[in-house]
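The next block holds one structure in the form of structure tokens; read it before the comments.
Just so it is clear, the values below take in all heavy atoms, side chains as well, and ignore hydrogens, waters and symmetry mates.
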Amino acid sequence: MGELGLERAAKIIGDAGLRVSTLCRGGFLTAIDDDGLDDNRRALDEAAALGAPELVMVMGGIPDRDLIGARARAEERLAQLVPYALERGVRIALEPLHPMFAADRAVISTLGQALAMAEPHPVEAVGVVVDTFHVWWDPDLQSLIRTAGERGRISSYQVCDWLVPMEVDPLLSRGMMGDGVIDFGTIGRWVHDAGYRGDVEVEISTRRCGRRTGTR
């Protein structure tokens, strides 16, 4: 989109008869010296221009060893963005990332934390992302997905597999479904039973695409 420009990108998508399910990503609201609000307002503008109903947000890591402070900054800055999101008709979709990313990418590690951060805000303004790569391990996942559905907070359901062994860069371990260890049948049923009928987004990022690495 940076090379094409926003207007041309939107036109190409429309002319092709396509639509944008979510725009990824906004966030990184935990820095001490930069509140990130301007960047996220621009991201909300881009989502609106592309017709994306959701802006996926990764909240940011820990700049100073103060995890509690980083989460507090994220909550405060999210609250500042909510009115702007409502004006643009774009919902902010909070994405919890696996705990191994807490230091540098996301101080929200569980679906429960994402729901707690979303709860003070209108449902149409803030939702949560269920990304199998990041939440499959959580022993409370079934009940959390049910709660998210009951509250109307599920913004997106994203799927890819957890590859074993992992790459040195964990972001390159997002494999094809069936190539790793995640039980998609069960998690997918939980999401469906929670009432979600939106898009299922496939997010593959691996050098092993097409090569079976799992046991099933």
Side-chain angles (χ1 to χ4, degrees), residues 13 17-27 40 43-44 47-48 50-59 71 74-75 78-79 81-99 101 106-162 174-178 180-204 216:
I13 292 168
L18 300 174
R19 60 182 175 80
V20 181
S21 54
T22 63
L23 180 64
C24 184
R25 59 177 166 65
N40 281 280
L44 287 164
L50 293 170
E54 317 275 350
L55 173 66
V56 175
M57 190 168 286
V58 175
M59 300 309 289
R71 286 176 177 153
E75 291 176 357
L78 172 64
L81 288 169
V82 163
Y84 198 84
L86 287 169
E87 289 176 3
R88 295 300 179 273
V90 176
R91 183 158 68 163
I92 294 169
L94 305 180
E95 181 171 13
L97 269 57
H98 189 279
F101 294 108
V107 295
I108 298 176
S109 301
T110 69
L111 193 58
Q113 288 175 310
L115 284 168
M117 190 172 286
E119 190 60 26
H121 308 293
V123 168
E124 62 270 24
V126 185
V128 299
V129 178
V130 179
D131 184 329
T132 55
F133 182 81
H134 292 298
V135 302
W136 68 273
W137 57 273
D138 190 339
D140 296 323
L141 186 58
Q142 181 179 12
S143 62
L144 290 169
I145 289 174
R146 183 189 307 117
T147 298
E150 290 171 350
R151 297 177 183 177
R153 294 279 182 182
I154 302 179
S155 291
S156 174
Y157 178 42
Q158 299 177 351
V159 295
C160 70
D161 219 334
W162 180 283
R174 301 176 64 102
M176 290 288 293
M177 291 71 69
V181 300
I182 296 177
D183 180 357
F184 293 99
T186 297
I187 297 176
R189 184 169 62 253
W190 292 344
V191 172
H192 184 273
D193 290 348
Y196 181 72
R197 299 295 185 271
D199 295 304
V200 179
E201 299 181 324
V202 179
E203 288 194 333
I204 306 298
R216 290 173 298 159

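Under a 4.0 Å N-O distance rule, the pair Arg151/Glu119 qualifies as a salt bridge. Ion pairing between a basic and an acidic side chain is recognised when a charged N comes within 4.0 Å of a carboxylate O; Arg19 and Asp199 show such pairing.
Taking CZ of Arg88 as the reference point, atom CG of Leu55 lies at 12.5 Å (rounded to 0.5 Å). Here the straight-line distance linking atom CD1 of Ile145 with atom CG of Asp193 works out to 10.0 Å at 0.5 Å rounding.
In this structure, Tyr157 and Tyr196 have perpendicular ring planes: the angle between them is above 60°, well past the 30° mark.
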Would Asp161 and Met176 count as a side chain to side chain contact (heavy atoms under 4.5 Å, CB included) if you check the C-alpha gap in whole Å, the side-chain angles of each, and the deciding distance to 0.1 Å? CA-CA 6 Å; Asp161 219 334; Met176 290 288 293; over 6 Å; no
For the pair Glu203 and Val159, evaluate side chain to side chain contact (heavy atoms under 4.5 Å, CB included) and give the outcome as yes or no after the intermediate values. CA-CA 6 Å; Glu203 288 194 333; Val159 295; over 6 Å; no
When you look at Val126 and Leu94, which way does the side chain to side chain contact (heavy atoms under 4.5 Å, CB included) test go after all the steps? CA-CA 7 Å; Val126 185; Leu94 305 180; 3.8 Å; yes
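The side chain to side chain contact (heavy atoms under 4.5 Å, CB included) test applied to Ser155 returns Glu54, Arg91, Ala93, not counting sequence neighbours. Among residues two or more places apart in sequence or in another chain, the side-chain hydrogen bond (donor to acceptor under 3.5 Å, both in side chains) test is passed with Thr22 by Glu201.
Donor-acceptor pairing under 3.5 Å is recorded for the side chains of His134 and Arg174.
Taking the six-membered ring wherever Trp is involved, the centroid distance between the rings of Trp136 and His98 does not fall below 6.0 Å.
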